**Student:** 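Please read through the structure below; I'll follow up with questions.
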Amino acid sequence: MIGSPDLVAFTKENDFGDANVDHSLLPEEFNVPPFPYSENENPWSKTSYAKFTKDFILISEFSEQVGPQPLLTIPDGPKVCGTFDLNYFSLRIMSVDYQASFVGHPPGCSYPKLNFVEDSKVVLGDSKEGAFAYVHHLTLYDLEARGFVRPFCVAYISADERKIMQQFLELSAEFSKASECLKTGNRKAFANEIEKKLKDLEYTRAILHKETELQKQSNGCFSTQAIEKANELANVEKSIYEHKDLLRQITSYPNRKMKDPDFLPYDSENTVESTDLGQDPMNDSKPQGQSDSPDIKRSPSYTPQLIKAKSAKCFDKRLKTLEELCDLYFYHQTMDQLKQIEKTFRGDLCYIYTNQIGQALLKKQKVTNFLFEDYSSWEEEETDKDTYNEKDNLLNNLPPPASIQAGEPVSLESFASCVETLHIKMDPGDEVKVFQEEDSTEACACDVAQGLSDECMDAMMKGSLSSGESIEVLGTEKSFKAQGPQLNETVTHLSPHYPVTVRKRIVTKRANSEDSIEVLSTTDSIIPEDLRASYPCAIYEEDYSDTGEDCTNNMHEPIFSINSDTVAHNECVYDAATLVQVDATCCMGQEGLSYRVPAPELAQECSANGVVKQEPQSCRQGDLALQVDFTLDDASISDGPVSSITPYELNPNCLSDETSRMTLDDCSDSTSFMSTSTCSDRTNPPFLYGSPITVKQKKKAGQCALRFIRQYPFAQQAIHCLLSGRPLIVLGSDERTVKKLVSALSIYVPNLGKYGESVKAWLSSPFQLTDLQIWKLIGIHKVTSPAGFSILHSLKRYGRYISILDADQKTLRCPPYRGTLVERLADHRTQIKHGSTYFLHAQSSLTQLCAKAFLYTFCHHLHLSVNPSEDQEVVAARRTQFLRHFSCDPEDGKVLQFLSELIKCHYLRGPGKGVNPPIFGFNYVTSVVYKI
Amino acid sequence: MLRWILGGREVQGAVEKNTVLVIGDEQPKNVYTELQVLKGHFDIVRFLVQIDDVRFASGGDDGLVLVWNVETGERLQELRGHSQQITAMAAYSRPGRWAPHTDLLTASSDRTLSMWDPDTGNRVQTVSDLQSSVKCLLVLDHLGLWVSGGNEMCVWNRNFDLLCRTDHHSDAGIAAMVELPKNCIAAAVDKEIVIYRLSSVANEADMAVTEVRRLTDHRDSIRALITINDQLFASGSHIGELIVWHSLDWTPQVFECILWDHPHVSPQEEIKLGGQKQSEMSIHHMASVGEFIAAAVGSGLYIYNILTRSVVAYRKTAHDSNIRQILLLPEGQLMSCSEDGSVRIWELQDLPLPAEPASAGFFGMWSFGRTSKQASQPVKKVQEAPALRTLELIGDLIGHSGAIQMFINFTDRGLVSCSTDHLIIIWKNGERESGLRSSSLFHKLDQNGGL
């Protein structure tokens, strides 16, 4: 008997309950639960008995031949789901058809009608298995399938019920996008299939016609054969008619949801032609190995086949695979999106929250975020002027009792009215609730977007079901960013959002983008071929060599750059999400086999599969915090002799499979990242010029920085130089050493720039004063040649403006510093063992510094006189007093003053560097030489 | 300035350091803690001209003239038109409807003269195919005329009409010109100073220029010519002769010959020595404020008081290389820029106390008409100088990598220097700029209605 899935109510236990929450308490999701006594317990995991260790995405199908079956998981591989029974789970999540799909011959209609079914979104739980899933049901069309439909579902499976529930809106939004993408591709493939079929039918008709004529001539009009043939002909003609109608339906679909009065009938001819034409370059560019893909058959050279009178609808017929059901481009796009979703939601709920909140807050801090924060997390706002105000307002309206509120999915009041709960008693004790999610989200949208006109609302309601944003998921409009309102969407979707905000924004976006599908189908301004031709570049960055020749250069460039931008951004999101795992695996990998995991029940199970190494780590994240010292000590011992020479990076060879897999993932994600993250390329500095700096790179730099702090007793002085805007020159004869020092120190450079413009990792020619204005951290090649002499000359000449760190002699020439501000940032006795941990520590200290600088900058009375009788000296005294309050040392004041100047310039000039030459400030201070 | 004069009496000796001064990085009195590098020229930048309170123009060997805003460092205009290097520039203002309007006169080796409107960047007037390239320009504000000096001197009006001209001079041509009272002009032509007088002819519009007098007291080519006040002007020559002239009767008032020398060298030898190393005592530039004349002598500095007719202070080696320009500031400060690429800021300070032993070095000085006496008592002469004080280095500005050609001072707004390294640097008072930025920050904050 098929067990019934638990349908989880989309509510919380204490609905509408106590409004008076104690705000002083740590929000529940940040709370560390009492540490359980059983040693394998992950403090955050409430269902440690789940048979899989990490969340994953499952795609299942309800096959008309074999019933529910799992198709694929993301991430791929047998390790993903452990001993979790995918078949069984597929059965459960597909056992109920939540979609009110109705396809076929409706009563009173002579030929089949396609029904465009809404996706359904349900949260299901299997409490016995400890698995909870967000399940997104969708229907794809297949000409050969029963009723032309193939039911599928995409599920996000997690052991953490709260994670599913509380990230529901985000999951729903992301999955809807992926689903739309898949469905768009499917519609395209379906239309092509019908086209093909029509050609077959017409061909058949022609032949039949000829035969009928022959029969008539030879046997007379009323012979049995002739009548048979005529009947057959009539059948074929009916079939042609039906298929034409189907084609009309499927191609007119995008327009159908446009509820505007002058609705234009869809011009199928053009689309089909264009589709075919558009397909050509892609097909040609495919390696021959893929020639069995359905695309090839669709090429114009398709030779129609004779169709037998009786089409075989039998069970022995092979059903199309998911890949065949969908246009290849869209298929891969969807898979990429799903992978992205998996990355985004990887990790602990608490971490995801913190990240989302952090990002939302960062966007608000326009005044200071340029100083130390990673650009990608807030920068899109700058390019996205249209939504700027809207977003701002939304954020402002959101007094984020962030963490507190995060405990509940969304303001539940708005939901309550529209939640339909359906109690089905299947098993005594298992209460099943059906939750009609669409309604609730729509309703939520309604509540939220009250300001919109009714028309808009109408469109919006439809929007979620049909592909209002379908073109947006294509990713192609990324390449056409300039073309209009779609711009907003890509940007919007890329970043994780604060729950309510997300909902609001996406909804309103839909209203705007109603016509976006038009871009593909009817709008003249963008010819579909153009879009199509660029697909290969836009998606398959890995396949460049294959597809490259088809794309002209001018296509390449813009598309690639835009793409890499967004990818880089994605990258960052991912980074953040996987931080914990990366750490964990690093640890594990470092200490190698010597570290024996206390074998939990789970690990034992896993070890049967030969995956001892990683299973424990993700479910034991909590433990790691306690074990970090131990593992890292091991690591440093094993690193021992090497560390004195090239201690800056973890040896990638030691990393576990998992990490290297992730690293490879990254590479395929972003070409820009490739050279920095691949294991083989260790000599390269973390920062590759010309590409945006990612958090990941910075974290790697954190490792270097930690080593630097431990090695050099004058690290504080060096960091102080950077923070107070005094350019630091790293001088050395070994390029690798210098570059590593530069990358280590780069995390302290204020206003580093999106591409790390403020840093020059390696310079072999003498620098000029103008260089000092731009670069605040320079690595210089020390040579004993004439060139070296002129470098030394420039070092001497501009000695008063710079500090010199000699990597060979291990000396630092800089102004003396005895302040306390940097002390915490660069404590060589720090207990932090881990690069990324240190990076976060540094980041938090720097953020604190930013806050002080902000306060200093925007305190009116510190800079301007309160009343006219006051003269500047009084103000200056007040300023000094203020600085003294923050830190007793005047040198610390310089840091604040420098940051303050940066903030002022940024605020006055805007984010760009402006047309005016940069300002270079300095102090007349005697330098001293520090030695080890 | 008051302190100079009042405190002067106590000083009895002077200390001269033989080696080039090196000031440490500790410069508390140096207010220039911020700089902006202006890029735009492709060759040596030789001339800077102040247009108004915030604007200045720069001209260089690339024939480009650029107009800049000193406050923001913004390049306002690019005046293109000269095909060869700029040889002279001057600001030429005329009364406007609301405020005086300033145009820019430029002369180039391509033998053209142009007038530009720095507001629009248009070339308002231009004259080409001159007989010789113009080496100096002089604007006569009260007449509304201007004078160009090359191999001959030409007088022009605002519409670029040539009113009159002088005969062809020697190939050396006119090196410098100053305006004297009663429509007279003094022009330095090689070793001579020629006095011209402008007079209007019967027709009001026309002018005539006549040579009035030739002053031949200098024994070598004249390098510097400045006006001190209504009564006096001064000239300096290549061998260190400094002569102060009376502006009305053109008689020499003071004749100083500056000789940097070493104590063990006899005066006779000094002269020879001087003859051999002329560049060391060549007077490149002079400046005057009130009763003080400052002269750049080789790489040294020399300050002379007109009223007391005595040397106030001097530094034999103020720079590593020849000084190009000096600037006297009213606060008793002096700035000098040199071919060594640095700008140095000096302050006139009283000597510690007379207990200080006599100078290790000194300079010889002849007063006009007392040549023979001086030769026998050089040391005594210096010791007798009652108001001798010392020039203390209080700061230096290092940034250029080539010789600094010129600088102009915008007082509060900063100091602008140009150099052979194709760069212009604006040196600013960091504290003041920070305050200004704060004000504009709060101003913008008000406008935006908060963050």
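Being a predicted model, the structure only gives us computed values, none of them experimental.
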**Student:** Mind checking whether A:F767 and A:Y798 have parallel, tilted or perpendicular rings, split at 30° and 60°?
**Tutor:**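 Plane angle between 30° and 60°, so tilted.
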**Student:** If we define contacts as heavy-atom pairs under 4.5 Å, which of A:N923, A:L772, A:L908 has the most with chain B?
**Tutor:**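 Most pairs with chain B among the choices: A:L908.
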**Student:** Could you tell me which portion of A:Q768 (side chain, backbone, both or neither) has an atom closer than 4.5 angstrom to a non-hydrogen atom of chain B?
**Tutor:**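 Contact with chain B is through the side chain of A:Q768 alone.
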**Student:** Output, in order, the C-alpha distance, side-chain angles, deciding distance and verdict of side-chain contact (heavy atoms from CB on, under 4.5 Å) for B:R315 and B:E392.
**Tutor:** CA-CA 9 Å; B:R315 255 220 203 257; B:E392 280 304 319; 3.5 Å; yes
**Student:** Which one wins on heavy-atom pair count under 4.5 Å against chain A: B:R75, B:K428, B:H400, B:E433?
**Tutor:**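 So the answer, after comparing B:R75, B:K428, B:H400, B:E433, is B:H400.
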**Student:** Tell me, side chain or backbone of A:L864 under 4.5 Å from chain B's heavy atoms, or both, or neither?
**Tutor:**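 A:L864 touches chain B through side-chain heavy atoms alone.
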**Student:** Is chain B contacted by the side chain of A:Y801, its backbone, both, or neither, given a heavy-atom distance below 4.5 Å?
**Tutor:**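 For A:Y801, the contact with chain B is made by the side chain alone.
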**Student:** By the definition side-chain hydrogen bond (donor to acceptor under 3.5 Å, both in side chains), identify the one residue from B:R46, B:H422, B:H41, B:Q405 that meets it with B:D61.
**Tutor:**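 Result for side-chain hydrogen bond (donor to acceptor under 3.5 Å, both in side chains) with B:D61: B:R46.
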**Student:** B:D396 versus chain A, heavy atoms under 4.5 Å apart: side chain, backbone, both or neither?
**Tutor:**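 For B:D396, the contact with chain A is made by backbone and side chain together.
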**Student:** Which atoms of A:F920 come close to chain B, meaning under 4.5 Å heavy atom to heavy atom: side chain ones, backbone ones, both, or neither?
**Tutor:**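 For A:F920, heavy atoms of backbone and side chain both lie under 4.5 Å from chain B.
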**Student:** Highest number of heavy-atom pairs under 4.5 Å with chain A: which of B:G395, B:S342, B:S440?
**Tutor:**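 Of the candidates given, the most pairs with chain A belong to B:S440.
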**Student:** Return the minimal non-hydrogen interatomic distance between A:P815 and A:C721, and the atom names on each side.
**Tutor:**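 What the structure gives for the nearest pair is CD-SG, 4.3 Å.
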**Student:** Are A:E873 and A:R879 within salt-bridge range, i.e. N to O under 4.0 Å?
**Tutor:**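 Salt bridge between A:E873 and A:R879, a charged N being under 4.0 Å from a carboxylate O: no.
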**Student:** After noting the C-alpha distance and the side-chain angles of A:Y930 and A:C814, does the key distance pass the side-chain contact (heavy atoms from CB on, under 4.5 Å) rule?
**Tutor:** CA-CA 8 Å; A:Y930 290 92; A:C814 72; 3.7 Å; yes
**Student:** Which region of B:I426, side chain (C-beta onward) or backbone (N, CA, C, O), has a non-hydrogen atom less than 4.5 Å from a non-hydrogen atom of chain A, or is it both or neither?
**Tutor:**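 Neither part.
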**Student:** Quick one: of A:K904, A:H863, A:Q897, who has the most non-hydrogen atom pairs under 4.5 Å with chain B?
**Tutor:**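 Between A:K904, A:H863, A:Q897, the count favours A:K904.
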**Student:** Non-hydrogen atoms of chain A under 4.5 Å away: do they reach the side chain of B:N448, the backbone, both or neither?
**Tutor:**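 Looking at B:N448, just its side chain touches chain A.
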**Student:** Please classify the contact between A:S900 and chain B as side chain, backbone, both or neither, with a heavy-atom cut-off of under 4.5 Å.
**Tutor:**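 It is neither, since no heavy atom gets under 4.5 Å.
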**Student:** For B:H443, which atoms come within 4.5 Å of any heavy atom of chain A: side chain, backbone, both, or neither?
**Tutor:**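 Neither part, no heavy atoms under 4.5 Å.
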**Student:** For B:V70 versus B:D53, what's the shortest heavy-atom pair and its separation?
**Tutor:**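 In terms of heavy atoms, the two residues are closest at CG1-O, 4.2 Å.
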**Student:** Return the orientation label for the A:H906 and A:F370 ring planes: parallel under 30°, perpendicular over 60°, tilted otherwise.
**Tutor:**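 Judged by the thresholds at 30° and 60°, the geometry between A:H906 and A:F370 is parallel.
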**Student:** Looking at chain B, which one of A:P918, A:C905, A:G799 has the largest number of heavy-atom pairs inside 4.5 Å, strictly under?
**Tutor:**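 Heavy-atom pairs under 4.5 Å are most numerous for A:P918.
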**Student:** Relative to chain B, which of A:E901, A:H860, A:H793, A:R800 shows the most heavy atom pairs under 4.5 Å?
**Tutor:**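 Ranked by contacts with chain B, first place is A:R800.
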**Student:** Between atom NZ of B:K39 and atom CG of B:L66, what is the distance when rounded to the nearest 0.5 Å?
**Tutor:**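 Going from NZ on B:K39 over to CG on B:L66, the span is 14.0 Å.
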**Student:** What part of B:W427 is in contact with chain A, defined as an atom under 4.5 angstrom from a non-hydrogen atom: side chain, backbone, both or neither?
**Tutor:**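 Just its side chain gets close to chain A.
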**Student:** Tell me if the aromatic rings of A:Y856 and A:F858 count as close, with their centers under 6.0 Å from one another.
**Tutor:**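 They do not qualify: ring centres at least 6.0 Å apart.
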